[in-house]
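Down below is the structure, laid out as structure tokens.
Numbering of ligands and ligand atoms starts at 1, following listing order. Computed from a predicted model, the values in this text were never measured in an experiment.
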Amino acid sequence: MKRLLILTGGGDCPGLNAVIRAIVKRAAQESEWEVLGSIQAFNGILWEPTEVVRLTPEVVRGIHFRGGTIIETTNKGGPFNWPVKNADGTWTTVDRSDEMLRKLQYMGVDAVINIGGDGSQRISQKLFEKGLNIIGVPKTIDNDLSSTECTFGFQTAVQIATEAVDKLVTTAASHNRVFVLEVMGRDAGWIALHAAIAGGAEVCLLPEFPYDIRVVREKLESRFSRDRGFAVVVASEGARPQDGQQVYEVSTEVGYENKKLGGIGRALIGQLKAAGFSHDMRETILGHLQRGGIPIAYDRVLSAEFGVKAFEMVLNRQFGQMVAYHHPNLITVPLKEAIAKPNLVAIDSDLVKTAKGLDISLGF
Ligand code: F6P
């Protein structure tokens, strides 16, 4: 019997369960493969006692439309940065990767599929360099992985953000207000730009292009005649003014290394007031609603494709590679290439030209 270990790492994302189900169903067609799931990314292996579950077609039945991940996830720590408490109560990190690889060998694991975003795939690449038979599946609502045309979960997040714009338009119009909708995406503006175009927003602020508050103010003023008018601004959480910084907190959560972005909506309203904009304004932070709940059909299909292909990559021993989408086919790319640079919105892209053609101000 051969053993495949699968795990989900980083922030959760609609479609994770659909990938898990597809891997397990495809593996069940090969009589000699058994599939195990490590709980909370690699933690299930690193913990004592080990926490892994056997994933059979019965276990994954009907999970393709469930949000979250049945094997849990984490965006803290990991085999190369395992948090350890010092005697004085402070924390440090240790590298437990060699120990983990020995444990995987002892458990008889022949191959690993790591379903995760850029941080998780960096871990995959480092483990591959240490000799692990590992394959990556690109997950993230942010769509910031450059070697795939789309990550699963992204389109669901866009759908949720667009529905939020639609709802804010009606309340903004009723109250003659400006609404600022803050959406996720980290340093990539994909969710914001897609939702602004799909929802018909007036302004869209992206991390890639720092905004000039005077340009934003002028655009919003143009939407009002005396006190009547309304507008919706979609602001990506990583957006920043030309003369300022992103709004974020440094997390105090042990093992959490990312910036905790959030607060651009409130900050923008303050900047607009300071710039003399006097109409009523409110902000809405969409937050983790963008990651929860059922994946839309597009993401279920993409997840299913990624899952089946990832298992076939195991059969073909294409280790050190990540499955990727290149319309209309699936391709494989070296993990090293997949993590080399992020996928960001380009100023000369047709999507940006479309936004401009629709009179959406990008704030510069
Ligand atoms: O990377 C996915 C993402 O949802 C980002 O868009 C967001 O900045 C971050 O994760 C939030 O992470 P957490 O779940 O730790 O709050």
Quiz prompt | All pairs passing salt bridge (Lys or Arg N to Asp or Glu O under 4.0 Å) where residues 5-21 contributes a residue, at least two apart | solution = D12-R291

Quiz prompt | Hydrophobic cluster membership, L205 vs L193, 4.5 Å side-chain cutoff | solution = no

Self-check item: Shared-cluster residues of V308, by chain and number - hydrophobic side chains joined below 4.5 Å
Solution: none

Quiz item: When you look for protein heavy atoms under 4.0 Å from ligand 1, which residues do they belong to?
Solution: N75, I141, D142, M184, G185, R186, E237, Y256, H288, R291

Practice problem: For the pair E99 and K103, find out whether any cationic side-chain nitrogen is under 4.0 Å from an anionic carboxylate oxygen. | Solution: no

Quiz item: Using 4.0 Å as the upper bound for N to carboxylate O, is an ion pair formed by K2 and E30?
Solution: no

Quiz item: Got a sec, which hydrophobics cluster with W91, joining ILVMFWY side chains under 4.5 Å apart, including via others?
Solution: V254

